[in-house]
Amino acid sequence: MRESISKPIQRVDGSAKISGEAKYIGDMHFENMLFAKTLRSSRVKAKIKSIIKPELPEGYFIVDKDDVPGFNRMRTVVSDHPLFAEDNVEYIGQPILLVVGPERETIYDIITHISIVYDDLEPLYTLEEAEAKSTVFTDYHYDKGEPDKAFAVAVTIIEDEYHTGYQEHVYLEPQGMAAEYRDDTMFVYGSMQCPFYAEGALTEALGWDAKRIRVIQTVTGGAFGGKEEFPSLTACQVAVAALKTKRPVTLIYDRDEDIICSTKRHPSIVRYKAALNQNNDVIALDVDVLLDAGAYNGLSPVVLQRAIFSVTGVYNYLHLKVRGRNFMTNNVPSGAYRGFGAPQTIFGTEMLMHNIALKIGVDPLDYKMRHMLRRGDPTCMGGKIRDIVKLPEIITRVTEMSDYRNKVQNNVKYKGIGASLFLHGCGFTGNGEQTIQGKIILKKSGENVILKVSSTEMGQGAETVLRKIVAYSLDLPIEKVLCEAADTGLVPDSGPTVASRTTMIVGGLLRQACLELKDRWDEAEEFEVSRSYKHPDFLNWDNDTFQGDAYPVYSWGANVAEVEIDPVTYEINVKKISAVYDVGMPIDETTLRGQMQGGIVQGVGWATIEVMTTDKGKLIQKNLTDYKVPTSMDIPKIDCEFVSNPYEFGPFGAKCAGELPFVGAPPAVVAAVSNALNVPIYSIPITPEDLMEMDSHEN
Amino acid sequence: MKIEFVLNYKPQIIEVDLARRLLDILREDFGLTGVKEGCGEGECGACVVLMDGKAVNSCLVPAGNIIGKSIVTLESFKKTERYKMIESCFLEAGSVQCGFCTPGIVMATESLLNENPNPTEKEIKEGLSGNLCRCTGYNMIFKGIHQAAERGKGLW
């Protein structure tokens, strides 16, 4: 009998990364390679009247909308973002054209000599203005029970509004892409999460069959959602440039450029009306979710779906009225970021529950526990919680680890403790998995097994985890289980590497294929086994009415945060986070712990120091000097444990993990800050200036 | 202008614009791509190399400042016993995820342990304060460094 699959092994890509031998896109050299640089809009919203171009030196090119042989839009959920601007620009940083050539200095010089004549138009700067002008991209609704009746009989009605800000991914490796046109095929290489998204976008931009396109992921230096849809844009741009110049073209962003133009977490406003009964329990919620999608809708409708499907958090409210809207503003487009809309609404709902508890004078954790979902309860969309909810066990453990009960009763000013309860729906939202129909192939090759999937390693440990699932299933050493490159010419489309779906969905398909491969092992020296995703029969979902099981299963968790506020500067020092998670079964404890620790710190950053704002359409924080992410000096001590709760349909019982820690940390930290100063908090990031004002107001 | 410096223990004479960044000299002129560019403004530490034994952000060092200096990059450091100790401890502790910050963190670790072979947790945090990592949340890197210091007694 082998040891538990949870027992850590060394990451398969560790040595190459530590030694600096791993080749990221910026480390690759192509023969006769040209460099590209993007000329971007300097205007918030304007009509382009004319572009005055200098005479180009020999070997230099300008690539723009007129060079796109196919459709000049980036294909995604809503294909509205032009690859190169056409008549108008809609945000500062929007790409207009590329200058391509052999020497970077000359390229910069050419860019400074291109002048664009704009005719400025009236822009929309903020979500509030967008709401006033009703520039709605997407408007969703759903109800549960009889909310109107519940509000009519409510003893108390509480209304609150919560705000969250931008967040920049700050993957350490900036965006980068290269294209090479040879043998009548377009080869595109780059830092990305989803090679088949890029392939799909390229088929439309070039107007070519996918057979003539190969997208190859290079070692990817962090992504967090920031390399989900955005690389489709740069992939199309470099491909168009490579086609025009007939030479390999590489486009690597500087950090400043990356921050200005790449997607970010959606700023949000979430408005609540809560109906309370005579026991002060919430019987109904009316929730209105507003997201700033920026200038183009892109992926935002799906982000909005996860946002509104997460509004109830871990609670069972009998009656619900939910509305969600994406608004168009003339800000940089928002997009995928770890948690994908859920962090905004989970934060709002956790703080609503916290603040109601303070109003009625009970401990916030006790108040939350009165409302928790249990097995068999309906979800907010009328689906069902099918598995055991281990929240009671999780809460017992996390309160022991943090000594919550004792500390919360001996509250000292400027020291605070707070708890959050949370969940995350595993895998794609709604019918996403059915639409994608992820496919995997396992190839037996002598004594080795080769795993063919499009799931990408971006730092999270996917390659290690997937190889481990196969190795354990076939009882092989991990060295005998190899992974084919994430190259659309060599692997089937297993779906994108998003939505915490890789271990559970792709790993689950691999595990099934292993069972067949094991049975047939002696059949031949070389053969392949494949599997495609089949939606379990018991799950139902109606994407028009948003009724049914939006997710097959949920992962759960609780965090307790402890903070100290500097009484003079009001800086928040997050001292400790205690965290307990149910992710089904850890496939590799070290890899999983890495996800949890990293997710918590990103969440702490979003809630506290990561301030990103715009002034009249212009980002104020344009580089890593202005935009602060947590450093080694800013991080809390983190204690993290797991409860086992194997999921029948996950490989070895595994559910989702990567986004869950991000969702949980911010409300715990904010609850602790609220506890430290005895003030309600409605907005993140919480700045020292805000805290100072709240505290002086309180006094 | 012609300048002389020592790169990975070999004397070099190169013709270079004195304003050219050490980062570009290393990556482009010498093909040393273990040195990474994460921000180009000295905030992230992905481009850390050793200059006369001290950790520096090579994006902030112009060619004029390396005249007569000794530069050591990961490509040379990885041949040492100290590196092997750091590597095995980082692998065990889960100190690496996407790996883009890792070369800089390895060089910062060498610089830290060279100056202080028995760092406290606070000293490890301070030693890494110039290196950003967005994946790990740092604690598992601290653990790797702590283990390297413990197990590598006598190496530094």
Side-chain angles (χ1 to χ4, degrees), chain A residues 8 10-11 13-24 26-29 169-174 219-224 252 254-256 457-461 588-591 593-602 604-605 623-625 629-638 661, chain B residues 24 27-28 31-46 73-75 77-78 83 86-108 121-122 124-142 144:
Chain A
Q10 288 185 353
R11 295 181 65 103
D13 55 347
S15 288
K17 287 175 171 175
I18 299 172
S19 65
E21 283 156 26
K23 294 278 181 248
Y24 299 79
D27 305 331
M28 291 176 74
H29 186 80
H169 305 81
V170 194
Y171 28 68
L172 258 280
E173 179 208 24
V219 180
T220 295
F224 318 114
I252 312 284
D254 294 338
R255 177 62 61 185
D256 300 15
E457 173 59 64
M458 48 192 165
Q460 85 282 40
D588 186 273
E589 263 211 33
T590 297
T591 308
R593 215 168 273 284
Q595 284 298 291
M596 296 316 180
Q597 295 248 354
I600 287 172
V601 170
Q602 270 183 21
V604 171
N623 51 45
L624 294 184
T625 311
V629 298
T631 70
S632 63
M633 304 299 284
D634 301 315
I635 57 149
K637 178 177 185 324
I638 296 172
Chain B
D24 298 326
R27 284 181 57 86
E28 292 172 12
L32 301 172
T33 54
V35 189
K36 304 296 181 198
E37 176 163 2
C39 72
E41 58 191 17
E43 289 288 341
C44 81
T73 73
L74 183 53
E75 281 80 359
F77 178 63
K78 75 181 178 194
Y83 170 80
I86 294 173
E87 183 194 29
S88 75
C89 293
F90 274 25
L91 285 171
E92 190 181 318
S95 311
V96 181
Q97 290 191 30
C98 87
F100 202 77
C101 72
T102 310
I105 285 182
V106 170
M107 298 314 285
E121 192 173 329
K122 187 163 172 277
I124 291 176
K125 283 188 172 191
E126 284 165 1
L128 275 198
S129 61
N131 295 76
L132 292 180
C133 168
R134 193 62 155 165
C135 296
T136 65
Y138 303 100
N139 280 310
M140 293 165 85
I141 300 176
F142 302 159

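Here is how names work: the chains are called A, B, and so on, in the same order as the sequence lines, proteins then strands, and each is numbered from 1.
A distance of 11.0 Å separates OG in A:S15 from NZ in B:K78, rounded to the nearest 0.5 Å. One finds the CG atom of A:L172 at 11.5 Å from the NZ atom of B:K36 (value rounded to the nearest 0.5 Å).
Heavy atoms of A:P636 lying under 4.5 Å from chain B belong exclusively to its backbone. For A:H169, the part sitting under 4.5 Å from any heavy atom of chain B is the backbone (N, CA, C, O) and nothing else. Neither the backbone nor the side chain of A:D634 comes within contact range of chain B; no heavy atoms are under 4.5 Å apart. For chain A, the nearby part of B:V106 is the side chain; its heavy atoms alone come within less than 4.5 Å. In this structure, the portions of A:Q595 lying under 4.5 Å from any heavy atom of chain B include both its backbone and its side chain. Neither the backbone nor the side chain of A:I600 comes within less than 4.5 Å of any heavy atom in chain B. With a threshold of 4.5 angstrom between heavy atoms, B:Y83 approaches chain A through side-chain atoms but not through N, CA, C or O. With a 4.5 angstrom heavy-atom cutoff, B:E126 touches chain A via backbone and side-chain atoms both.
Ranked by heavy-atom pairs under 4.5 Å with chain A, the first of B:T73, B:L128, B:I86 is B:L128. Contact tally against chain B (heavy-atom pairs below 4.5 Å) for A:E457, A:M458, A:M633: the top residue is A:M633. In terms of heavy-atom pairs under 4.5 angstrom with chain A, the leader among B:G40, B:G94, B:S95, B:C135 is B:C135. Chain B forms the most heavy-atom pairs under 4.5 Å with one residue out of A:I638, A:T625, A:T220, A:V219, and that residue is A:T625.
When all heavy atoms of B:P103 and A:G20 are compared, the closest pair comes out as CG-CA, 4.1 Å. The two residues B:C98 and A:Y24 come nearest to each other via the heavy atoms O-OH, 2.7 Å. The two atoms that bring B:E41 and A:L624 nearest to each other are OE2-N, 2.8 Å, heavy atoms only.
Listed by chain and number, the residues in a salt bridge (charged side-chain N to carboxylate O under 4.0 Å, His left out) with B:K125 amount to none (sequence neighbours excluded). Applying the ring-ring contact (aromatic ring centres under 6.0 Å, His included) test to A:F224 and every residue at least two apart in sequence or in another chain returns nothing.
Here the side chains of B:E43 and A:R255 are not in contact, with every heavy-atom distance at 4.5 Å or above. Taking 4.5 Å as the limit, some side-chain heavy atom of A:D27 sits within range of a side-chain heavy atom of B:R27. A 4.5 Å side-chain heavy-atom check between B:R134 and A:P630 finds at least one atom pair inside the cut-off. At a threshold of 4.5 Å between non-hydrogen side-chain atoms, the residues B:Q97 and A:K17 do not count as touching. Side chains of A:T590 and B:M140 form a contact here, defined as non-hydrogen atoms less than 4.5 Å apart.
The only member of B:L74, B:I105, B:L91 that meets side chain to side chain contact (heavy atoms under 4.5 Å, CB included) when paired with A:I18 is B:L91.
Between A:Q597 and B:T136, the side chains place no donor N or O within less than 3.5 Å of an acceptor N or O (distance only, hydrogens not considered).
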